[in-house]
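Worksheet: one structure, shown below.
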Amino acid sequence: MQQPRAKSTAGGALAVRDLQARYGQVRALHGAALEVQPGELVAIIGPNGAGKTSLLNAIMGLLPATGSVLLDGEELSGVPTEQRVWRGMTLVPERRQLFGSLSVRDNLLLGAFHRRREGAGVAADMEFVFAHFPVLRERQRQIARTLSGGEQQMLAIGRGLMSAPRLLMMDEPLLGLAPLVVREILEVVRALSARGLSILLVEQNAKAALAVADRAYVMERGTVVLHGSASRLAGDPKVQAAYLGGHLEEDRG
Ligand code: ATP
């Protein structure tokens, strides 16, 4: 078994080619392809059922798929999920999937489970998480399920960061959150991106996703139908009509 790698946020380039996956008769992915350059923040938007969650799960190895997934040029097809985490990718899953009866601190430590012998590295990463989400430091002894929805989402992202990823993938991190919390989480996402972390963000809130991303992909029926810079897609009349309520309210910054 490969040993956990040393912490590094350098790299994080993802190349996905021709992914195909199905649930029985339902074809979830049909030739999906995308790229994330090192340090890039890339969004995936699209309607319900387009295959966005399936794509992230296939990249993580949670959903069996054919095609190619390369992380920093290394082919991951056939590599089990836990080894993909060791190699530098992490998924913050839809609906958070926290360990509800455990404390904030224990949830974070479980994110670093494969690095538990690193000691100082894990402690430094917990400081890194607390620096980005100070409320988690305050509530570190609190039971996870008693946190607010926004705090739970912060914990889910924090747990993902505890695996010291080069590529952080997030599935609908803004779902159901109040505007103020959405803003807070997007600020952290932006800050992580500014530090060089590669980020792939699936989001129903297309407006928020396009406001924060460098580039974006639009998925429909299991494949990518449109891609480009986030600002170009935000200005595209088809994208505006389908995903931005017909117009884009200006709040980029
Ligand atoms: P949403 O935004 O609603 O989560 P999505 O873009 O993430 O949608 P997926 O959840 O990946 O899309 O679903 C892609 C297709 O696969 C849809 O047709 C969906 O109904 C189907 N699907 C997803 N999960 C399953 C499952 N466990 N069993 C059967 N079909 C599924």
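Atoms within each ligand, like the ligands themselves, are counted from 1 in listed order. What you see below is based on every heavy atom in this structure, not just the backbone, and it leaves out hydrogens, waters and symmetry mates. Model, not experiment: these values are computed from the prediction.
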### Message
With salt bridge (Lys or Arg N to Asp or Glu O under 4.0 Å) as the rule and sequence neighbours excluded, what pairs involving residues 208-220 come up?
### Response
Glu40-Arg215
### Task
Answer yes or no: are there more than 12 heavy-atom neighbours, outside Arg137 itself, under 6.0 Å from its atom CZ?
yes
### Task
Linking directly or through intermediates, with side-chain heavy atoms under 4.5 Å: list the remaining ILVMFWY members grouped with Leu175, chain and number order.
none
### Heavy-atom donor-acceptor pair, Tyr217 side chain to Glu35 backbone, under 3.5 Å
yes
### Any donor-acceptor pair under 3.5 Å from Asn107 side chain to Ser103 backbone
yes
#### Entry: Residues forming a side-chain contact (heavy atoms from CB on, under 4.5 Å) with Ala156, sequence neighbours excluded
Val92, Arg96, Leu98, Gln153
#### Entry: First-shell residues of ligand 1 [heavy atom, distance under 4.0 Å]
Tyr23, Val26, Ala28, Pro47, Asn48, Gly49, Ala50, Gly51, Lys52, Thr53, Ser54, Glu94, Glu172, Gln204
